J.: 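Sharing a structure here in structure tokens format.
All figures in this text were calculated on a predicted structure; none of them were measured in a lab. Just so it is clear, the values below take in all heavy atoms, side chains as well, and ignore hydrogens, waters and symmetry mates. Labels below follow one simple rule: chain letters A, B, ... track the order of the sequence lines, proteins then strands, and each chain is numbered from 1.
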Amino acid sequence: MTSLLDVDALTIGFGMAPPVVSNVSFSVHAGETLALVGESGSGKTLSCRAILRILPETAQVRGGGITFNQPDGATDLLTCSSRHMRRIRGNRIAMIFQEPMRSLSPLHRLGNQVGEVLRIHRNLGGAETKRRVLAQFEKVGFADPERAWRSYPFEMSGGMRQRAMIAMAMVAEPELLIADEPTTALDVTTQAQVLGLIRSLQKDTGMAVILVTHDLGVVANMAQQVVVMNKGRVMESGGASGILGAPAHGYTKKLFAAAPMIPEVAQPGGALDRKDIILDLRNVSKTYTMRAGGWRKPVQIAACRDVNLQVVRGKTLAVVGESGSGKTTCARIALGAERPDPGGEVLFAPDRDDAPLPVHDMTRTQRTAFQRQAQMVFQDPYSSLSPRMRVQSAMIEPMQIHNIGSRSEQLEKAAEMLRWVGLDPDMLRRYPHAFSGGQRQRLSIARALTLDPRLLICDEPTSALDVSVQDQILTLLEDIRDRAALSYLFISHDLAVVARIADEVAVMRAGVIVEQAPPETLFYNPCHPYTRALIAAQPEPDLSRPIDLALVAKGAGSPASWPDRFRFEGADAPILRELDPGHLVRCHV
Amino acid sequence: QQMPAPQESSFWQMEINQGHLPPIAERLPETPLIVDLPAKGRSFGRQGGTLRTMVSRAKDVRQMVVYGYARLVGYDTNYELYPDILRDIEIEEDRRFTMHLRPGHRWSDGAPFTSEDFRYWWEYVVNNEKITPTGPPEFMYVDGVLGSVTFPDAYTVVFEWPTANANFLPLLAQAAPPFIYRPAHYLRQFHGDLADPAALKLETRKARVKSWAALHNRRDSMYKFDNPQQPTLQPWINASGTTSRQVFVRNPYYHRIDARGVQLPYIDIVEMSIVGGGLVAAKANAGEADLQARGLDFPDISILKKGESDGGNYRTLLWGNGAASQIAIYPNLNFNDPVWREVMRDVRFRRALSMGIDRHMINRALYFGLALEGGMTALSSSPLFNRADLSMWATMDIDAANDLLDEMGLTERTPDGLRRLPDGRPMEFIVETAGERQEVENALAIVTDTWRDLGIKLVMRPLDRDILRNRVYAGVSMSAVWFGWDNGLPSASTSPMYLAPTNQEFFAWPKWGQYFQSGGEVGEAPDLPEAKRLLALSDQWNHSFDRDERRAIWAEMLDIHAEQQFAIGILSEAPQPVVVNKRLRNVPETAIWAFEPGAHFGVHRIDEFYFEDALQQVTQ
Amino acid sequence: MSIQPDNRYVDAEAWSDETNISAPERADMDAPAWLLTWRKFKRHRIGLISGIFLLLCYLMLPIAGFIAPYTPNQRSADYLYAPPQSVELWHEGSFVGPYVYPITAEADLVNFRWTYTTDTSTPMPLEFFCEGADYNLFGLIPSDTHLFCAPPGATIFLWGSDRLGRDVFSRILYGAQLSLTVGLIGITVSFLLGITFGALAGYFGGRTDWIINRAIEILRSLPELPLWLALSAAVPSNWGPVAVFFIISIILGILDWPGLARAVRSKFLSLREEEFVKAAEMMGARPARIISRHLLPNFMSHLIASATLSIPAMILGETALSFLGLGLRAPAVSWGVMLNDAQNLASIEIYWWTAIPMLPIIIVVLAFNFLGDGLRASLDPYKG
Amino acid sequence: MTFLKYAVYRFFTMLLTLWIVSILVFTIINLPPGDYLSNQIAELRATGQAEGVAKAEFLRTEYALDRPIWEQYLIWVGFAPGPNGFSGLIQGDFGWSFEFDQPVGEIVGDALWLTVLVNLAAVLFVYVVALPLGVLAAAEAETWMDYTAGFVGYLGLATPNFLLALILFYYGHKYFDIPIGGLMDASFEGEPLSWAKFKSMATHLIVPTFVIGTAGAAAMMQRLRANMLDELSKPYVETARAKGLAPARLLTKYPLRMAFNPFVADIGNLLPAMVSGSVLVSVVLALPTIGPALLAALKSQDQFLAAFVLMFVALLTLVGTMISDLLLVLLDPRIRYGSRDT
Ligand SMILES: Nc1ncnc2c1ncn2[C@@H]1O[C@H](COP(=O)(O)OP(=O)(O)OP(=O)(O)O)[C@@H](O)[C@H]1O
Ligand SMILES: Nc1ncnc2c1ncn2[C@@H]1O[C@H](COP(=O)(O)OP(=O)(O)OP(=O)(O)O)[C@@H](O)[C@H]1O
Ligand SMILES: [Mg+2]
Ligand SMILES: [Mg+2]
């Protein structure tokens with residue numbers, strides 16, 4: 001059996017520098033999944049982009065070849081005509097880009113952007129296109145496909161955009177799907193659904209998949225072949241079972257060793273001491289009006305409802321939950337970037353004995369102080385960096401704003417911060433676009449830390465990081481927390497990470513908190529069906545423990561399908577009840 | 001002169017055949033004006049052809065009234081008056097004018113032209129306070145007494161004043177004359193006192209005006225010539241309809257014929273196109289004009305000549321310009337700044353300025369030396385021309401000029417050599433121009449250099465024509481550049497009013513002019529003895545009938561102007577290019593191009609021009 | 001390298017776990033942003049050349065009087081409309097050094113032009129560092145030394161002479177002094193206002209936007225023409241032409257900003273919704289900083305292009321204004337004034353050299369454009 | 001705020017502005033000393049045309065020019081009755097043109113559609129030429145094509161309009177028999193539209209379109225190019241490319257729309273430019289458009305005509321800005337007209 005795609009000794013570099021991808025070879029067969037794992041910044045994205053020939057303008061392919069084998073002959077993708085290439089792109093080879101926000105046009109509705117693929121390659125009419133796109137939206141887990149069709153990207157949560165991206169790549173049923181970290185912004189239940197979708201499509205159409213991921217659990221669940229990369233080189237490649245079972249290369253071993261897991265908990269944890277609260281969200285709700293445009297009646301979206309959260313000083317409050325459940329919204333409200341609906345309030349106490357200040361009604365000086373003390377790591381690091389600002393300027397900007405240090409001190413600090421997050425200070429001169437996804441994420445973290453804040457809100461800060469770097473970053477965060485009593489509001493999808501870092505976990509679903517408890521309690525005794533589904537859907541890097549899709553589906557399905565105790569419909573959810581000390585669950589008595 | 005057998009025009013043949021028009025014999029007055037072409041050295045022509053010419057604004061259609069030049073009395077090429085529309089005119093002591101119309105003369109719509117048309121003007125237009133709230137026009141008053149108009153019979157009209165009104169006939173011969181007759185049969189339908197009120201009301205509303213008087217005013221456009229419905233006596237009638245296309249066709253009832261019985265005008269159609277001022281030369285160069293002088297200037301000659309030698313279908317004739325001066329500087333004696341005003345009122349200053357001009361250089365640089373250098377006075381072809389006036393104070397002599405200025409006591413100088421005014425300001429002499437003619441700017445550039453040697457800095461300031469006027473009238477502008485007197489060809493019988501401070505239009509004394517014009521209400525009374533003398537002389541002329549006395553008055557007035565340099569003329573009689581189609585005949589080779597007197601082509605009688613091999617055309 | 005039996009590949013090269021985060025080179029790291037930009041700009045060949053050319057042009061301005069053989073209003077009565085003369089080196093096979101042939105004018109009264117005959121028998125070598133008409137070096141120091149002039153009895157009209165016998169070449173040099181400076185003031189004014197108001201409206205939105213927008217609307221719907229007409233009557237008469245033009249170009253700038261302001265505003269309305277702006281705001285950045293550091297750079301290309309496009313408009317603005325009697329006028333010389341003189345058929349067909357001022361305008365405009373493009377490219381983060 | 005609400009709100013703002021503008025326009029027109037009829041009378045006196053003087057005096061009372069200025073304003077707008085009752089702008093009576101001696105409505109009516117024709121041609125020219133060239137220049141940046149397009153554009157930009165027109169006319173006529181000046185052959189004026197007339201108009205439009213259009217086209221092209229170059233390297237363009245979009249569609253659908261933002265902002269200028277944009281050009285080229293009429297009216301202070309044209313242009317400006325504001329919201333959904341000053 002010949003392979004569908006052969007990458008042979010691919011070498012890519014920038015400018016005069018040594019290549020960032022060197023001698024990378026792999027091949028994919030039809031119907032097969034190849035997982036590309038490895039260090040952040042090791043050249044995975046570039047290798048994938050090389051296949052479709054959409055490298056950055058400054059990138060040079062210094063050698064190697066890429067052959068796409070089809071029944072009607074082989075094509076050298078690096079040299080074929082651009083017309084030929086156009087017929088392949090989107091049609092036979094589709095790609096899911098790593099950063100969904102930037103990769104979607106902000107001016108076009110999602111329906112339009114996704115449907116376009118069908119219009120170009122399948123020559124479908126408007127109605128048929130819409131039907132198929134809506135079906136695809138449904139499959140990737142949009143509760144309301146019609147709404148997604150009409151929405152603009154900026155009206156969607158990170159995970160929703162990512163799902164739109166996935167839908168765009170899959171809707172034309174390509175022969176090869178390149179998925180560059182397709183599930184980083186998805187909660188595990190949705191992730192399970194998407195992975196299931198990919199698998200079923202593979203089964204139906206014989207699609208091959210190149211899956212770039214950091215999640216070894218996903219690898220274990222999906223891949224037949226694995227390629228491990230580090231520093232632009234392939235460290236190890238081969239069958240999934242072999243590599244997962246017995247990693248041969250030093251790097252692979254190290255990588256696998258770093259993979260976090262949900263610990264087996266023997267007993268529930270105790271309730272948290274809530275005396276010293278740094279951030280207090282009280283009854284926060286947020287309703288958005290969709291820019292339906294035109295003459296249609298405006299549609300209201302409740303992003304979150306009646307959220308009450310307290311971050312205890314020096315502790316970490318983790319928020320997990322379904323994609324689109326309002327986590328980011330809460331975070332933005334907490335930092336004053338957005339106003340909650342009337343009735344809600346956010347209080348911030350800078351110091352132990354200070355009277356809490358309302359975040360949305362501060363005086364100018366209070367606000368300045370607050371903005372120095374509370375920082376945010378954005379879910380989408382690429383968007384949060386000005387494309388025309390060198391990283392150096394971006395890094396020293398917070399210090400400039402708050403007038404800290406001389407210029408050389410600022411530069412020194414910036415370099416120091418980069419080193420902390422494992423980046424080379426040489427990179428300071430680059431522009432944001434010249435980084436890999438994971439590197440940008442680390443930049444974002446580094447920038448948030450430069451001001452030595454007291455409160456850090458991290459919106460999925462490690463989703464794009466490979467497990468070893470992630471480990472490094474988490475250690476760093478824990479370090480600082482312990483050293484400087486930094487408090488975190490930590491949004492994540494990765495339960496393993498949450499289990500490691502959180503002092504308390506809130507689980508959100510459909511805009512409300514459904515369960516809240518210290519992690520030990522939560523993993524010991526998950527009460528809510530959704531929490532259970534989450535835990536069940538967490539993939540583990542163990543081929544022998546595939547995800548229990550049935551359980552996932554039950555919990556992640558519509559609230560109406562939950563057991564009576566938890567069931568609710570529309571906006572009238574039951575209140576949170578304290579089952580055990582420190583363990584809140586939204587249920588009827 | 002023997003009345004020749006009239007010949008039918010082919011242009012109207014169709015109309016005649018269909019009975020819309022009577023045959024030629026019935027269209028001519030009983031005694032048409034028979035033009036003696038051979039006596040003028042002109043040849044007989046044939047009817048036909050289209051003459052194309054250009055103007056720069058839509059309202060210039062009135063130029064057809066100027067060019068056509070059918071007047072009650074008109075000038076001939078020697079600038080003598082003769083009856084034109086009138087069969088005859090009897091003048092008694094210059095105060096009683098008996099006008100005899102041509103029996104059988106008809107308006108262009110065929111209605112008879114009779115004394116009734118004069119009566120209509122007198123009784124229903126001028127003396128109707130709705131239409132003319134200000135009452136009868138100024139020229140009807142002599143020494144404050146309103147003249148009388150009587151209509152003894154259908155073909156006689158008598159104008160009469162107690163004292164002499166020497167100006168009356170020249171006025172009627174103007175390029176823009178007062179029309180003292182109106183097509184009564186046509187206009188009465190718009191007159192509130194004569195028309196059916198209901199119909200009138202409807203008309204008024206249709207014309208979107210507010211009162212019948214406004215409607216009447218609008219329909220009555222003898223000079224504006226923009227109402228094709230209104231009958232006329234001009235050689236061509238406006239046939240443009242309601243469109244913007246400017247076409248004029250021959251008047252079937254025109255009163256002039258040649259000795260062979262061919263009704264004038266020879267040319268059937270005149271087509272006037274509206275072209276931007278700057279493009280006239282280009283279009284003429286492209287052969288798109290058959291007769292063109294308007295919009296062409298001396299600098300265009302080279303390109304016209306080039307077009308000619310490149311095989312153009314035209315010739316470029318050079319006529320003389322009829323303005324008394326091509327470029328004249330008017331120091332404003334009514335300038336608001338008292339210090340400057342006093343300086344300018346000193347005749348030595350004006351003489352010094354005049355002597356500080358290198359006219360020869362200007363002539364050579366701008367006119368190839370073809371213009372006449374000298375101050376402003378009557379042109380050389382005028383019977384009143386006096387060479388001494390031309391050169392008086394008008395030859396360059398920097399030293400003499402400096403002496404004059406020193407004599408005035410303007411000896412203080414600034415570090416960079418400018419003289420100081422008595423109050424210590426440097427002498428920056430501001431000359432405002434209408435900014436329309438490049439020659440002016442160039443001439444002033446040359447003047448600037450030589451005045452610098454007098455210790456005077458010339459500052460040129462181009463403005464818009466109307467703004468310039470307003471500034472001069474208000475006394476805000478120090479001095480202005482304009483043409484010389486419009487009429488550079490006076491004869492003894494031309495009224496010399498315009499030489500005296502009677503008019504604000506003479507930029508040297510706007511306020512004196514206003515004073516005179518408003519009867520002392522606004523402006524200032526003239527206080528320079530020479531100015532007063534001019535006024536007195538002008539008045540004296542009005543009351544004298546003796547040709548020699550008038551001549552003497554004229555001579556003295558011209559002398560005063562030459563002596564006083566009220567306006568500092570630079571040169572005159574600059575060549576005016578006239579583009580003429582090679583096939584167009586009877587166009588004089590040399591002539592004077594003047595609006596007043598002469599009505600541009602008017603005195604040269606465009607209706608006698610004809611095309612060599614004219615295309616015969618017929619109306620539908 | 002080792003391929004293991006189950007098709008497994010393992011890299012054989014030595015591998016170390018260390019992430020080698022080398023110490024950055026200080027010098028390089030400290031390089032401010034403009035230096036980095038400059039390095040990039042240097043690589044844009046045509047932009048660099050244009051920049052150098054413009055620099056030379058501006059350096060030449062104060063010493064234009066020295067380079068020009070004549071002064072701008074120096075008339076040669078005997079050489080009206082003289083065609084361009086060429087400077088030659090060799091005469092009948094022998095080297096003479098730079099010289100010209102004397103010319104004599106004759107009025108051709110058939111065609112009404114000046115015809116010139118060149119006396120090719122007597123080469124007249126040019127003089128260098130010679131005495132000529134007075135001028136002010138740097139606008140201050142009186143001097144009469146010229147780089148080169150024609151020997152007595154000859155003329156040196158490199159680009160011909162005009163209607164009054166003034167040297168076109170010298171006038172172009174002098175004209176540059178005004179054309180390259182005064183007009184730019186208008187651009188500066190209009191850009192400052194346009195960017196400021198546009199940025200305020202676009203960034204703040206709400207009431208600020210409303211007020212600025214109404215101001216823009218009113219300004220824009222206000223008739224410019226009558227304003228000019230009124231102005232041309234209102235300017236005090238004894239102001240020098242340059243002063244008048246100076247004021248006019250400032251007013252031109254003041255009236256010109258709304259267009260730019262609206263462009264800036266609309267772009268900022270959209271840019272301000274970008275995540276990085278929100279991020280900066282959440283860090284506590286003040287509006288001034290956000291506008292100047294985050295929003296403006298993202299609109300820089302448009303601004304640069306607009307600026308380079310305004311330059312010809314400003315250089316030529318006076319020709320349109322002259323139409324209303326507001327432009328520059330004699331004795332001031334500028335390229336616009338010269339072109340204004342050349343706006344007739346004769347200048348196109350017969351005395352073509354009087355239209356030569358078009359050349360420097362086009363060249364300067366192109367140079368500004370390429371310079372702008374170079375700048376744009378060197379600010380473009382995506383270019384290497 | 002929904003789009004509809006915003007549109008209504010914007011419309012009322014426009015009316016308010018229009019009212020303010022009407023006051024300003026009226027003031028400015030009456031600012032210069034003197035007025036048409038006085039000037040006219042002065043000139044008529046100077047040339048001894050007694051008759052005209054009478055007509056002018058007649059008009060002065062007929063149009064209430066002897067009343068205080070504020071009263072004149074009210075009458076002009078139609079808030080107060082004139083000598084013959086209410087008839088002002090809001091009643092649809094635009095006043096009288098003294099210069100042309102015709103109701104303003106009639107003069108403007110004629111000239112207006114020709115004006116719109118000429119400028120529409122120019123605007124079309126600008127868009128037809130500048131859009132593709134700008135996009136192309138960006139797509140092929142720094143190649144000979146880019147430079148040539150730029151050079152030609154700047155050539156047109158750097159030549160004064162009138163000179164350019166003369167050159168084009170002269171050589172156009174000499175070598176290609178292109179007519180000089182005017183909008184159609186005189187013989188077609190007033191004729192119904194026919195193929196021949198259309199052809200005549202088309203040939204007459206070549207030079208004006210070119211002269212008016214070059215500057216605009218060059219400007220638009222260069223700015224578009226700059227904006228496009230900014231957008232071209234953004235990731236969403238790569239996504240579009242990964243979809244396999246053809247270059248033309250790719251460029252026009254994504255980056256062009258983004259790059260178009262500043263141009264949409266300028267649509268406000270497009271409409272009035274159709275009327276007043278080419279005033280000076282029309283004057284020098286003697287196009288029978290509204291521009292020369294306006295200039296003449298202003299110079300001679302033919303106040304009703306001038307005021308009407310100016311009000312008309314102002315109205316177009318305001319409508320244009322309104323449209324551009326509305327379009328902006330449609331073009332870029334991110335734009336919210338909320339405030340940020342908290
Ligand atoms: N600007 C907006 N306009 C309209 N709706 C919005 C807007 N921003 C967010 N939403 C909606 O609010 C809901 C919550 O979004 P949010 O970004 O808070 O989700 P999230 O929990 O962060 O999800 P994810 O894990 O996918 O990032 C989503 O349904 C989203 O579509
Ligand atoms: N435009 C560019 N200019 C210079 N260097 C670049 C550019 N784009 C990427 N790089 C560098 O190339 C290397 C590989 O990047 P790539 O995006 O392929 O990493 P990755 O493996 O996808 O990492 P991640 O998992 O973090 O997304 C990185 O070190 C990055 O800094
Ligand atoms: Mg990547
Ligand atoms: Mg989110």
Side-chain angles (χ1 to χ4, degrees), chain A residues 14-15 25 56-58 101 106 154 230 233-239 242-243 248-251 254 332 335-337 367-368 370-372 375-376 378 380 383-390 392-393 397-398 400-402 407-408 411 415 418-419 422-426 428-429 431-434 451, chain C residues 1-26 28-33 35-37 39 270-271 273-286 288-290 293-301 379-384:
Chain A
F14 290 93
S25 316
E57 221 173 299
T58 40
M101 179 61 194
F154 64 91
N230 184 18
R233 301 172 56 81
V234 175
M235 298 285 110
E236 184 168 358
S237 70
I243 291 186
H249 195 276
Y251 175 71
K254 181 190 158 205
R332 298 174 68 98
L335 278 190
R367 172 162 293 275
T368 312
F370 171 69
Q371 280 161 340
R372 184 174 165 180
Q375 295 293 321
M376 172 141 179
F378 286 85
D380 183 357
S383 305
S384 65
L385 293 166
S386 169
R388 292 198 160 238
M389 213 180 216
R390 288 178 198 274
Q392 171 174 307
S393 321
E397 179 164 41
Q400 282 181 338
I401 291 172
H402 294 282
R407 189 180 154 81
S408 61
L411 285 174
L418 282 203
R419 254 177 254 127
L423 292 177
D424 188 338
D426 247 355
L428 277 174
R429 278 187 341 188
Y431 284 101
H433 71 93
L451 287 181
Chain C
M1 186 203 282
S2 66
I3 306 265
Q4 293 181 359
D6 56 342
N7 231 346
R8 191 148 152 200
Y9 160 92
V10 178
D11 193 42
E13 244 171 72
W15 174 80
S16 94
D17 186 22
E18 275 155 41
T19 37
N20 61 330
I21 297 171
S22 55
E25 297 168 44
R26 282 277 343 177
D28 207 46
M29 202 183 88
D30 281 349
L35 192 67
L36 297 172
T37 311
R39 285 190 195 143
S270 119
L271 277 180
E273 302 293 334
E274 293 267 2
E275 194 82 0
F276 60 84
V277 176
K278 299 247 169 73
E281 278 171 353
M282 283 163 76
M283 281 184 312
R286 297 260 154 274
R289 184 184 185 86
I290 292 184
R293 295 297 196 81
H294 293 262
L295 298 179
L296 272 184
N298 279 292
F299 199 45
M300 216 42 175
S301 304
L379 288 174
D380 186 348
Y382 298 98
K383 289 270 148 43

J.: Under 4.5 Å heavy-atom distance to chain C, tell me which part of A:Gln375 shows up: side chain, backbone, both or neither.
T.: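 Just the side chain, heavy atoms under 4.5 Å.
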J.: For chain C, find which of A:Arg233, A:Gln400, A:Met389 contributes the most heavy-atom pairs closer than 4.5 angstrom.
T.: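 Counting heavy-atom pairs under 4.5 Å, the top option is A:Arg233.
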J.: Grab the two heavy atoms, one from A:Ala337 and one from C:Met282, that are nearest each other, plus how far apart they are.
T.: CB-SD, 3.4 Å
J.: Using non-hydrogen atoms and a 4.5 Å limit, figure out which bit of A:Pro387 sits close to chain C: side chain, backbone, both or neither.
T.: both
J.: Is it the backbone or the side chain of A:Arg372 that comes under 4.5 Å from a heavy atom of chain C, or both, or neither?
T.: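 A:Arg372 has no heavy atom closer than 4.5 Å to chain C.
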J.: Which region of A:Met235, side chain (C-beta onward) or backbone (N, CA, C, O), has a non-hydrogen atom less than 4.5 Å from a non-hydrogen atom of chain C, or is it both or neither?
T.: both
J.: Heavy-atom distance under 4.5 Å to chain C: side chain of A:His249, backbone, both or neither?
T.: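 Answer is both: backbone and side chain atoms of A:His249 are under 4.5 Å from chain C.
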J.: Within the distance-only criterion (no hydrogens, no angle test), does the side chain of C:His294 pair as donor or acceptor with the backbone N or O of C:Arg289 below 3.5 angstrom?
T.: no
J.: Determine the sole option in A:Leu423, A:Asp424, A:Asp426 for which the side-chain contact (heavy atoms from CB on, under 4.5 Å) test with A:Leu418 is passed.
T.: A:Leu423
J.: If we count only N and O atoms by modelled type, under 3.5 Å, do the side chains of A:His402 and A:Glu397 hold a donor and an acceptor together?
T.: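 Short answer, no.
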J.: Would you call C:Glu275 and A:Arg332 a salt bridge, taking side-chain N to carboxylate O under 4.0 Å as the test?
T.: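 A:Arg332 and C:Glu275: salt-bridged.
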J.: Could you verify whether a donor N or O on one side chain and an acceptor N or O on the other, from A:Ser393 and A:Arg388, lie under 3.5 Å apart?
T.: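 Side chains of A:Ser393 and A:Arg388: no pair found under 3.5 Å.
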J.: Non-hydrogen atoms of chain A under 4.5 Å away: do they reach the side chain of C:Arg286, the backbone, both or neither?
T.: side chain
J.: Between A:Leu385, A:Asp380, A:Leu335, which has the largest tally of heavy atom pairs under 4.5 Å with chain C?
T.: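 Result: the option with the highest number of such pairs is A:Leu385.
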